[in-house]
Amino acid sequence: MMYKNLDQLPSYTTLKNLASHPFDLAAPWALTAHRLQSYVCSSAGFDLLYGTQRIDEQVLAALQKLADEGDAVKQFQAMKSGAVMNRIEGYECENRQVLHTATRDVFSDAPREPRASGQARRELEKLKKFLEDLDNGNIVNGKGEPFTGMVQVGIGGSDLGPRALYHALAAYRVPGRRVDFISNVDPDDAAAVLNGLDLSRTLVNVVSKSGATLETLTNEELVRQAYSDAGLDPRLHFVAVTGQGGPMDNPARYLQSFYMFDYIGGRYSATSMVGGVMLGFALGRKGFVEILGGAHEADLAAEERDIRNNISLLMALLGIWNHNFLHCETLAVLPYSQGLVRFAAHLQQCDMESNGKSINRRGESLSYQTGPIIWGEPGTNGQHAFYQLIHQGTTIIPVEFAGFRHSQYGRDIVVKETSCQEKLLANLLAQSLALATGQHDDNPNKRFAGNRPNSVLMGDRLTPRSMGALLAIYENKIAFQGFLWNINSFDQEGVQLGKKLATQLLHHFAGLRKGKSHGGGDEPGWALLQAAGLVGSRG
Ligand code: G6Q
């Protein structure tokens with residue numbers, strides 16, 4: 001299939017012309033009740049309030065045309081049906097299907113891609129049995145006691161999404177259970193987690209799709225050592241999630257092995273066993289199944305052609321409008337929900353690793369911007385930190401806010417006549433308005449230019465189901481943007497070069513340990529090690 005570049009689509013020119021006079025959010029007449037109430041898109045349990053974006057009916061119509069001309073929904077459907085979307089035509093590449101959506105298409109009689117959904121279902125069945133065995137005392141520690149903790153060892157996609165979901169849903173944990181994470185090869189990461197843990201009551205979930213990631217393999221050995229030092233048998237504590245047939249697929253070393261498959265990219269793997277084992281342990285099977293249900297609902301909603309009824313597609317298009325046409329370089333994701341404390345970190349990987357590309361799917365250089373820089377922190381904390389720059393700085397930063405009508409725990413207090421939750425939501429909506437409208441003032445220091453585009457994604461409560469939907473809404477947004485930019489959102493060659501050079505530098509350390517290394521002459525790696533004071537003498 002020959003996909004076109006964004007700037008070859010006819011509506012690209014229309015949008016370029018419209019971008020010379022975008023809607024003025026700061027005009028006194030701009031934010032009418034009609035505008036704010038009609039620019040709301042609802043799907044999968046969320047409402048996207050987008051009246052505070054610099055768009056009008058003409059822009060929306062052109063964005064709809066852009067989506068149609070770029071076959072955004074058709075490409076998404078092809079991806080779900082098993083088309084080989086992870087490829088660069090004519091060049092060596094991963095050349096794979098992209099089927100993370102199949103991990104949640106597991107309860108319908110006619111899944112979109114039966115083979116992948118069948119494999120996901122089999123893993124879910126294994127997980128069900130494993131969790132039942134933990135609950136009914138068939139799986140216990142060496143002293144016959146139940147497990148109360150789990151440490152997940154993994155990095156990148158095998159850490160960020162699962163960790164973000166765990167934090168988001170900690171309110172729904174099975175009483176008495178907790179999870180910790182080790183990802184960084186910095187030994188202090190593992191040391192800080194292991195200090196104070198009761199290893200005897202703790203499972204270790206080693207997660208690596210490739211089974212070959214040096215950080216994870218090293219951390220696994222470090223943790224195994226801690227078990228041996230404590231006189232505990234790792235075989236009773238360690239479980240694995242890995243690619244079937246890969247280097248870590250060695251059931252003799254693990255209490256139980258779960259599989260994920262090469263058609264699921266690491267950063268899209270939170271709904272596979274990569275997230276499933278840990279989330280099933282923490283929330284119970286029902287909680288994990290709820291996450292899958294929410295994600296599946298969002299995947300179905302993403303097939304809607306009308307952008308006004310498809311949150312993922314609309315967010316993708318608004319992002320393209322702000323980035324490619326209004327030339328905003330970064331995007332802040334600011335959730336007003338403490339549970340989403342790690343969500344921006346997950347999105348940084350999911351979005352920037354997917355769409356940080358500069359060639360199209362035929363290997364040709366692109367002359368337009370692709371993925372923006374993504375960053376963010378939960379509000380209201382951010383308000384007391386970096387919002388100054390968003391309001392009055394020289395860089396325009398579009399914002400995606402997210403919030404929920406109700407808190408998770410329901411524990412609250414009325415102070416000065418309002419509850420905490422009301423204060424949180426008032427702040428969220430006030431920020432949205434303030435960024436859009438700005439403020440006139442004779443004192444330039446108190447002047448706000450406004451016209452900072454933003455939208456608010458509002459849900460009812462952060463639950464396993466809504467978290468699943470939110471995760472998939474973003475995954476699908478990222479895929480839609482990649483389709484329209486005509487890039488391959490599913491590979492990550494950009495992280496390989498650094499890995500290769502790290503391996504070269506490690507050879508120097510290994511050589512020194514064996515007393516063999518004499519240095520690398522003019523080789524920049526050796527010179528940098530010297531400059532950093534790690535080997536030999538400086539200069
Ligand atoms: C994600 C990337 C990357 C990957 C990690 C861990 O899409 O591919 O972040 O998840 O490098 O890889 P393993 O799971 O193979 O250890």
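Each ligand, and each atom within it, is numbered from 1 in the order the structure gives.
For the pair T216 and ligand 1, the shortest N or O to N or O distance does not fall below 3.5 Å. Considering backbone and side-chain atoms alike, G157 places an N or O below 3.5 Å from some N or O of ligand 1. Annotation: K499 places no N or O atom under 3.5 Å from an N or O atom of ligand 1; distance criterion only.
Only the side chain of Q492 comes within 4.0 Å of ligand 1, judged by heavy-atom distances.
Listed here is the closest heavy atom pair of A295 and T271: CB-CG2, 4.4 Å.
For ligand 1, the atoms closer than 4.0 angstrom to any heavy atom of Q349 are 1 (C), 2 (C), 3 (C), 9 (O). Atoms of ligand 1 found under 4.0 Å from any heavy atom of S208 (numbered from 1 in listed order, with element): 13 (P), 14 (O), 15 (O), 16 (O). Contact atoms of ligand 1 toward S210: 13 (P), 15 (O), 16 (O) (distance under 4.0 Å to a heavy atom of the residue).
Residue pairs satisfying the salt bridge (Lys or Arg N to Asp or Glu O under 4.0 Å) criterion with at least one member in residues 468-490, sequence neighbours excluded, are listed as follows: R104-E475, E400-K477.
Of the candidates Q348, M467, H167, M467 is the only one forming a side-chain contact (heavy atoms from CB on, under 4.5 Å) with F343. Between I264 and the choices R96, Q119, H100, the side-chain contact (heavy atoms from CB on, under 4.5 Å) rule is met once, by H100.
Ring planes of F46 and F404: perpendicular class, angle over 60° (limits at 30 and 60°).
In this structure, the protein non-hydrogen atom closest to atom 1 (C) of ligand 1 is E353 OE1, 3.0 Å. Nearest protein heavy-atom contact of atom 12 (O) of ligand 1 is T213 OG1, 3.5 Å. Nearest protein heavy-atom neighbour of atom 5 (C) of ligand 1: I155 O, 3.5 Å.
R361 forms no cation-pi arrangement with F490, by the criterion of a distance under 6.0 Å to the ring centre and an angle within 45° of the ring axis. For the pair R224 and F238, the distance from NZ or CZ to the six-membered ring centre is under 6.0 Å and the angle to the ring normal is within 45 degrees.
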